[in-house]
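Working notes, beginning with the structure itself.
So you know, we letter chains A, B, ... as the sequences are listed, proteins then strands, and number each from 1.
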Protein chains: 2
Amino acid sequence: MISDPMQGAPTLEEVAALAGVSRSTVSRVVNNSPHVKADAVAAVQVAIDKLGYVPNRAARSLASRKTQVIALVVPESTAKVFADPFFASVVQGVALRLAETEYTLNMVIASEAAPEKTRRYLLGGNVDGALVVSHHSGDHSYAHLGLTLPVVFGGRPLSASESDSYFVDVDNIGSARTVTQHLIDLGRKNIAMIAGRQDMPAGADRLAGWRGAMSDAGLDSSLVEQGDFSPRQGAEAMRRLLDSGRPIDAVFASNDQMAAGALSALRERGVSVPGTIAVAGFDGDYFGETSEPPLTTVVQPSTGLGEKMAEVLVRLLAGEPVERVTIMPTALIVRGSTVA
Amino acid sequence: MISDPMQGAPTLEEVAALAGVSRSTVSRVVNNSPHVKADAVAAVQVAIDKLGYVPNRAARSLASRKTQVIALVVPESTAKVFADPFFASVVQGVALRLAETEYTLNMVIASEAAPEKTRRYLLGGNVDGALVVSHHSGDHSYAHLGLTLPVVFGGRPLSASESDSYFVDVDNIGSARTVTQHLIDLGRKNIAMIAGRQDMPAGADRLAGWRGAMSDAGLDSSLVEQGDFSPRQGAEAMRRLLDSGRPIDAVFASNDQMAAGALSALRERGVSVPGTIAVAGFDGDYFGETSEPPLTTVVQPSTGLGEKMAEVLVRLLAGEPVERVTIMPTALIVRGSTVA
DNA sequence: ATGAAAGCGCTAACAT
DNA sequence: ATGTTAGCGCTTTCAT
């Protein structure tokens, strides 16, 4: 059998004995207190190294009433579409940034069936703060968590007013306007929209951005179909658009996955892209990079978004002043799906 | 400012007082001890609900010498390619499965620069067990961790002998043979291989499987180029293959990402697929699903792999007998890249 | 600058 | 079946 890992781990007390100082002094050294004489610090360091001492988190947490744990809350529905490369990148950014700190990353899958369980866990003093990513969820039972626990959201929370929650996001409306304008500048007039779920900020805002650009240009903005951000539903939406019989010379989809789906529907109907219909997406993930033709899209700094979320929370926890809203930059990338 | 979340959290002692029993009894109820009378259980439950009591993990961990934490160790290089959908799915499986247990998932990014930091953390009594995924790493400093801490690997560990580590994997050799045989059955004779990194088991084994099938069929197995599992290097490998001037009528790539890259190289050279060259991949991820044409591939149950890893570790931790090696089933999926 | 002492909230023998 | 008694390993006043 495997030996108990917690067995025989050297304690602070043993370090103190070996260094010939009190436990308090060792504790101070471990916590970088400035009030310890240099030689004492040295002696303790030697003892720590010799023993391979690692502070016990549980004891430390119990005594200090701080957990040094940050929860990354992922609604279960989002977890199921972990396949979403955008989401995976955000998680990656969070993990990378947190690895540089003393915080530990606790990934929590929030079952939509038992939201109370998650709430209790988060509010039960098990974590110092939480990061909530819900690209794909309408569930915002976490919106009010921010009143009790430091929380940073990935993407603007739907239900909470901007004034009382911290979040990191991109300018979805503005970016959607930009892609749409690109399509308009190309001379396209009948630009359809494959919108994402409207119970999600990203879905609603991108639709709003498209509408804004269309009406500013005096174009009709009634060509809208909806999908759930998946390639499959993107393809289905495209087919419905085609079947409507209305003239279409361009399509803007709420994300690259749906745009890629639209591309396959177009291919199966023998419609040339961008010749007959130009297609643009949003996200800048590899669905768009590897599609045929590659997609014109709005690139979001997905890893950067995760890093920023972690950073905002860490600073919040450190008591530093932090801006409630952080908007990350996006960039329009023009590729073969709109320009031959 | 935000109120201290750990402030005022009801303690076991308060529950005991309200229920009119001792702390031990409350503890027993919380831990589902069978030795508590029904009415006492009821009284305690009422008190717990009324107070909204949540056990303090730190205190529990300190007293019980168990952390209830499982680390998911991700080598930093792997984290950077978190973009790998296969890997993301494995993580998803782990998280989903662990969410059903009492364990907490601690995601640890193991910096290759400071492997000792991770070792210390894992061995310092901060976790009960670890899950190591290193699809993309040659680093196996974790191989010997298994001697001290319960560890389950995703994929066969390279350096450790099978007899002393737990792992969950698929039959890479056999599956690679199967795809290759499919190509041979199609009448292809000059089948090239785009192999993955040979310092990784998956890379080496898939190459071996292809070799085996080729030599069994009496075919030449010298048409090999290597890549790092990325689409870009898959495309480059394909170009080198084409530039070699040797006849080629099929290609098997170590993963779908490289196969997708090969597809784009082929398209840019105007080579028809599967007409002139048939292409097959491995993994069953969406690179293969969304490519044009979609890829014939070996589907691995990626989420299932993660779930199984979690399950094996949980059972190991529970002291249940568990098989050291778990091989998950794969399936050959034939699509347009090999059959018109 | 350092030590002594008192817990943090819980579990785990040991009694009863 | 339930209560009592010690700690788990660390931080943190409070002295000195």
Side-chain angles (χ1 to χ4, degrees), chain A residues 4-44 47-48 51-69 102 120 123-128, chain B residues 4-44 47-48 51-69 102 121 123-128:
Chain A
D4 181 346
M6 217 143 166
Q7 197 83 332
T11 69
L12 184 152
E13 174 128 41
E14 292 165 29
V15 174
L18 184 61
V21 298
S22 74
R23 297 181 309 174
S24 317
T25 299
V26 177
S27 177
R28 290 187 183 100
V29 172
V30 170
N31 295 292
N32 303 310
S33 161
H35 306 297
V36 186
K37 276 207 307 208
D39 54 339
V41 174
V44 171
I48 285 179
L51 262 32
Y53 168 75
V54 180
N56 177 306
R57 279 192 107 90
R60 196 195 269 228
S61 164
L62 186 57
S64 66
R65 306 175 67 64
K66 285 189 182 318
T67 65
Q68 293 293 92
V69 172
E102 285 295 282
R120 285 256 169 113
L123 264 20
N126 295 306
V127 303
D128 288 348
Chain B
D4 181 346
M6 217 142 166
Q7 198 84 333
T11 69
L12 184 151
E13 175 128 39
E14 291 165 30
V15 174
L18 185 61
V21 298
S22 74
R23 297 182 308 175
S24 319
T25 299
V26 177
S27 177
R28 288 187 184 102
V29 171
V30 170
N31 295 292
N32 302 311
S33 161
H35 308 295
V36 188
K37 272 207 310 210
D39 55 338
V41 174
V44 171
I48 287 181
L51 262 31
Y53 168 76
V54 181
N56 178 306
R57 278 192 106 90
R60 201 198 269 233
S61 164
L62 187 56
S64 67
R65 306 175 68 63
K66 285 188 181 318
T67 65
Q68 291 294 90
V69 173
E102 285 295 282
Y121 176 74
L123 265 20
N126 295 307
V127 302
D128 288 347

Those residues that, when tested against Val69(B), pass side chain to side chain contact (heavy atoms under 4.5 Å, CB included) (two or more places apart): Thr67(B), Thr104(B), Asn106(B), Val127(B)

Whole angstrom value for the distance that separates P of dG9(D) from CG of Leu62(B): 7 Å

Nearest non-hydrogen partners of Gln68(A) and Asp128(A), listed with the distance: N-OD2, 2.7 Å

Whole-Å distance separating the CD atom of Gln68(A) from the P atom of dG9(D): 20 Å

Between P of dG9(D) and NZ of Lys66(A), the distance in whole Å: 23 Å

Closest nucleotide among dC8(C), dT2(D), dT2(C) to the Val36(A) side chain: dT2(C)

Taking distance alone, no hydrogens or angles, what donor-acceptor pairs closer than 3.5 Å link side-chain atoms of residues 30-38 of chain B to residues at least two apart or in another chain?
residue: Asn31(B); atom: OD1; partner: Arg60(B); partner atom: NH1; Å: 3.3
residue: Asn31(B); atom: ND2; partner: Ser27(B); partner atom: O; Å: 2.7
residue: Asn31(B); atom: ND2; partner: Ser27(B); partner atom: OG; Å: 3.4
residue: Ser33(B); atom: OG; partner: His35(B); partner atom: N; Å: 3.1

Value in whole Å for how far the P atom of dT13(D) lies from CZ of Arg65(A): 12 Å

Residues forming a side chain to side chain contact (heavy atoms under 4.5 Å, CB included) with Ser64(A), sequence neighbours excluded: Lys66(A)

Residues in side chain to side chain contact (heavy atoms under 4.5 Å, CB included) contact with Ala16(B), at least two apart in sequence or another chain: Arg23(B), Val26(B)

Atom of Ala19(A), atom of Ala43(A) and distance for their closest heavy-atom approach: CB-O, 3.8 Å

All N/O pairs under 3.5 Å across the protein-nucleotides 10-14 of chain C interface:
residue: dC10(C); atom: OP1; partner: Tyr53(B); partner atom: OH; Å: 2.5
residue: dC10(C); atom: OP1; partner: Asn56(B); partner atom: N; Å: 3.3
residue: dC10(C); atom: OP2; partner: Leu12(B); partner atom: N; Å: 2.4
residue: dC10(C); atom: N4; partner: Arg23(B); partner atom: NH1; Å: 3.0
residue: dT11(C); atom: OP1; partner: Asn31(B); partner atom: ND2; Å: 3.2
residue: dT11(C); atom: OP2; partner: Ser27(B); partner atom: OG; Å: 2.7
residue: dA12(C); atom: N6; partner: Ser24(B); partner atom: OG; Å: 3.4

Over all atoms of both residues, closest heavy-atom pair of Tyr53(A) and Leu12(A): CE1-N, 3.4 Å

Global bending angle along the helix from dA1(C)-dT16(D) to dT16(C)-dA1(D), which compares the axes of five pairs at either end, to 10 degrees: 30°

Reported CG-to-CG distance for the pair Asn126(B) and Asn56(A), which is rounded to 0.5 angstrom: 6.5 Å

Rounded distance in Å - NE2 (His35(B)) to C1' (dT2(D)): 12 Å

